[in-house]
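Have a look at the structure below, then the notes.
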Amino acid sequence: MITRSALASVLADHLSDEDARFRAEIVNDLGEVTLADPPHAIVVTLMRAVLDLALAEAWLGVPVAQRLRGVHGKLPATEHRTRLVAVHLAESWPLDGEHPEAAAGWWQVAIDAVREVAQRRPRQLPRPAGRPLPPRAAG
């Protein structure tokens with residue numbers, strides 16, 4: 001679908017800006033974002049639009065891998081992409097879980113998302129000055 005790809009491209013463009021990435025990170029729950037009361041940051045509105053389109057496609061019976069093709073194809077493998085995938089999986093399970101074939105596709109996408117997160121290097125958390133590492137973490 002051209003719309004899916006175009007919307008993901010516009011979102012990817014916005015997420016290339018550091019300020020936009022920050023604005024996307026400070027929104028706690030993308031499920032709470034509505035176009036009836038849109039956020040002030042366009043990037044969050046775009047994220048919600050991507051999710052709304054994917055959910056509409058879920059209602060139409062489009063397979064989950066196809067619904068997320070634009071997200072996977074246009075957005076780099078970052079926490080923003082993972083977050084979009086996770087939110088869509090949470091929102092679409094009531095629809096996908098009703099049909100065995102759709103549920104199998106849903107689980108495959110979920111497993112792939114977990115693998116993607118696991119492959120990323122964990123962020124190093126700063127240690128408070130003057131405090132030693134706990135015994136298990138030392139060495």
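The figures here come from the full heavy-atom set of this structure, side chains too, leaving out hydrogens, waters and symmetry mates.
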Can you tell if the side chain of [X] reaches within under 4.5 Å of the side chain of [Y], non-hydrogen atoms only?
X: Asp112; Y: Val85; value: no
X: Leu84; Y: Arg81; value: no
X: Val43; Y: Asp19; value: no
X: Val50; Y: His88; value: no

**Message:** Under the side-chain contact (heavy atoms from CB on, under 4.5 Å) test against Glu57, which residue among Leu68, Val62, Leu95, Asp52 passes?
**Reply:**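 Of the listed options, the one satisfying the test is Val62.
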**Asked** Can you tell me how far the CZ atom of Arg83 sits from the CG atom of Leu75, to the nearest 0.5 Å?
**Response**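 Atom-to-atom, Arg83:CZ and Leu75:CG are 12.5 Å apart.
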**Item:** Separation between CD of Glu79 and CZ of Arg21, rounded to the nearest 0.5 Å
**Value:**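 Going from the CD atom of Glu79 to the CZ atom of Arg21 covers 8.5 Å.
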**Request:** Might you work through the side chain to side chain contact (heavy atoms under 4.5 Å, CB included) test for Arg67 and Asp96, ending with a clear yes or no?
**Result:** CA-CA 12 Å; Arg67 296 189 306 252; Asp96 290 325; 2.5 Å; yes
**Prompt:** Taking everything shown except Trp107 itself, do over 12 heavy atoms lie less than 6.0 Å from its CH2?
**Reply:**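 Counting neighbours around CH2 of Trp107, 12 or fewer heavy atoms of other residues, nucleotides or ligands fall under 6.0 Å, so no.
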**Item:** Exam field: side chain Arg4 to backbone Ala54, donor-acceptor pair closer than 3.5 Å
**Value:**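 It does not hold such a pair.
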**Message:** Check for me, please, whether Leu53 and Leu51 land in the same ILVMFWY cluster - side-chain distances under 4.5 Å, paths through other members count.
**Reply:**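 Cluster IDs for Leu53 and Leu51 match.
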**Prompt:** In terms of hydrophobic clustering (I, L, V, M, F, W, Y; side-chain heavy atoms under 4.5 Å; direct or indirect links), are Trp106 and Leu55 co-clustered?
**Reply:**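 No, because Trp106 and Leu55 fall into different hydrophobic clusters, even though each may have its own neighbours under 4.5 Å.
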**Heavy-atom pair with the smallest gap, counting every atom of Gly97 and Ala103** =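 Result for this residue pair: CA-CB, 4.2 Å.
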**Prompt:** What pair of heavy atoms forms the shortest contact from Leu15 to Ala24, and how long is it?
**Reply:**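 Answer, listing the atom of Leu15 first, then Ala24: CD2-CB, 4.3 Å.
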**Message:** Quick one, Thr82 with Glu116, criterion side chain to side chain contact (heavy atoms under 4.5 Å, CB included). Give me CA distance, side-chain angles, the key distance, then yes/no.
**Reply:** CA-CA 8 Å; Thr82 303; Glu116 185 176 301; 3.3 Å; yes
**Prompt:** Run the side chain to side chain contact (heavy atoms under 4.5 Å, CB included) check on Ile111 and Arg115 step by step: do they pass?
**Reply:** CA-CA 6 Å; Ile111 290 167; Arg115 282 188 186 126; 3.6 Å; yes
